[in-house]
Every structure is written in C-alpha cells, then in structure tokens.
Amino acid sequence: MVDERFIRKRISALREKIGVSESQMSLELGHSRSYIHSIESGRALPSMTEFLSICEYLDITPEDFFSENVTYSRTMQKINRSVSQIEEDDLKKIVSPLLERLKKT
C-alpha cells in the first residue's frame, strides 16, 4: 500500500532528477511558489487532478510514478513509450541491426 510519505518523496526525487526547484515547478503548474514545498513537506497532498498534472509535468505516467524502479530520464521515457507502440516484428527489424552495430563500436 502506498502512503503519503511515498508520494511526497517520489515527487521530490523525480523533481530533483529533472533539475527543477520546488518554486519553479509550482509556478509552472500554475500555483503559488510554495505549492510543491507544501506537498513535499507534508502539509498538503495533491488532488487527483493535480496529481495527474504533476505526472504530466514530470513526463511520466501514473503507473511510472508508483513504480519505484522507474528512474529513466525524460528522453528515455519518451523512447520507451514510442517503442512500446511498435509492432513486435517491426521492432525486431529495427533493434537487431542496431544492437549489432553498437557491439562493433
């Protein structure tokens, strides 16, 4: 079961990973400078709508948010989402030659 501390710590960790301050993130989400600080310090929790906005801002899915193993950069997250939409046979045609080429370098 996920508790409030996990949510606070996860927002903080993901925010720090992309190099954004609490106040910058707050303002870019359309809130006062202290909005994210109030969440991370335990004074407040985001509503479901705001949680989804935070995920969008961090460029992750809600599933990724709750998956502690997901620590990809924004670029890797975009690549993963794009790759997941490619048919398996087409993916093999792309990846196999690429991996072989990378092994040679």
Side-chain angles (χ1 to χ4, degrees):
M1 183 166 164
V2 176
D3 64 17
E4 293 176 8
R5 288 177 301 211
F6 173 85
I7 293 171
R8 289 193 286 270
K9 288 179 182 179
R10 187 71 169 146
I11 290 172
S12 179
L14 292 168
R15 176 186 58 73
E16 289 171 1
K17 181 156 183 63
I18 63 170
V20 176
S21 69
E22 291 175 341
S23 61
Q24 180 183 352
M25 183 172 170
S26 296
L27 292 173
E28 290 178 358
L29 285 168
H31 294 281
S32 69
R33 288 187 175 279
S34 61
Y35 176 70
I36 293 298
H37 177 73
S38 68
I39 293 171
E40 291 183 8
S41 67
R43 286 185 281 143
L45 278 175
S47 68
M48 182 57 73
T49 302
E50 286 301 323
F51 169 74
L52 295 173
S53 294
I54 289 169
C55 288
E56 185 176 333
Y57 177 86
L58 295 169
D59 201 20
I60 61 171
T61 65
E63 180 181 8
D64 291 341
F65 182 90
F66 290 106
S67 182
E68 290 183 79
N69 298 329
V70 175
T71 56
Y72 305 125
S73 67
R74 283 183 167 188
T75 302
M76 283 303 300
Q77 291 170 20
K78 288 177 184 177
I79 290 169
N80 285 337
R81 277 197 290 279
S82 296
V83 167
S84 69
Q85 297 172 2
I86 299 172
E87 295 289 331
E88 186 71 24
D89 288 341
D90 292 334
L91 188 58
K92 287 178 184 177
K93 291 174 188 173
I94 296 168
V95 173
S96 294
L98 179 60
L99 291 176
E100 288 302 316
R101 181 170 177 230
L102 291 173
K103 285 181 190 177
K104 293 177 183 178
T105 58

If every non-hydrogen atom of [X] is compared with every non-hydrogen atom of [Y], which pair is closest and at what distance?
| X | Y | result |
| --- | --- | --- |
| S53 | L29 | O-CD2, 3.8 Å |
| L27 | S32 | CD2-C, 4.3 Å |
| S34 | S26 | C-OG, 4.2 Å |

Scan residues 8-31 for pairs that pass ring-ring contact (aromatic ring centres under 6.0 Å, His included), counting only residues two or more places apart or in two chains.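 Every ring-ring contact (aromatic ring centres under 6.0 Å, His included) pair that includes a residue of residues 8-31, provided the two are not neighbours, is H31-Y35.
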Show every ring-ring contact (aromatic ring centres under 6.0 Å, His included) that has at least one partner inside residues 78-105, sequence neighbours left out. none
So, do L58 and M25 sit near enough that their side-chain heavy atoms are less than 4.5 Å apart? yes
Counting C-beta onward and ignoring hydrogens, is there a side-chain heavy-atom pair between Y57 and I18 closer than 4.5 Å?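 Side chain of Y57 against side chain of I18, heavy atoms only: contact under 4.5 Å found.
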Using a 3.5 Å cut-off and no angle test, enumerate the donor-acceptor pairs between side-chain atoms of residues 89-101 and protein atoms at least two apart in sequence or in another chain.
| unit_1 | atom_1 | unit_2 | atom_2 | d |
| --- | --- | --- | --- | --- |
| S96 | OG | K92 | O | 3.1 |
| E100 | OE2 | K103 | NZ | 3.4 |

Between [atom1] on residue [X] and [atom2] on residue [Y], distance to nearest 0.5 Å:
| X | Y | atom1 | atom2 | result |
| --- | --- | --- | --- | --- |
| I7 | L45 | CD1 | CG | 5.5 Å |
| R15 | I54 | CZ | CD1 | 11.0 Å |
| K9 | E40 | NZ | CD | 12.0 Å |

Residues forming a side chain to side chain donor-acceptor pair (under 3.5 Å) with S23, sequence neighbours excluded: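 Scan of S23 (side chain to side chain donor-acceptor pair (under 3.5 Å), adjacent residues dropped) gives S21.
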Would you call the rings of F6 and F65 parallel, tilted or perpendicular, where under 30° means parallel and over 60° means perpendicular?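 F6 and F65: perpendicular rings.
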Do S12 side-chain atoms and R8 backbone N/O form a donor-acceptor pair below 3.5 Å? no
Check: R10 side chain, S67 main-chain N or O, donor-acceptor pair, under 3.5 Å: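 Side chain of R10 to backbone of S67: a pair is present.
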T49: what forms a side chain to side chain contact (heavy atoms under 4.5 Å, CB included) with it, not counting sequence neighbours?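 Partners of T49 by the side chain to side chain contact (heavy atoms under 4.5 Å, CB included) criterion, ordered by chain and then number, come out as S47.
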T61 and D64: side-chain donor and acceptor closer than 3.5 Å?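 Yes, a side-chain donor-acceptor pair sits under 3.5 Å.
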Among residues at least two apart in sequence or on other chains, which ones pass salt bridge (Lys or Arg N to Asp or Glu O under 4.0 Å) with R5? D3
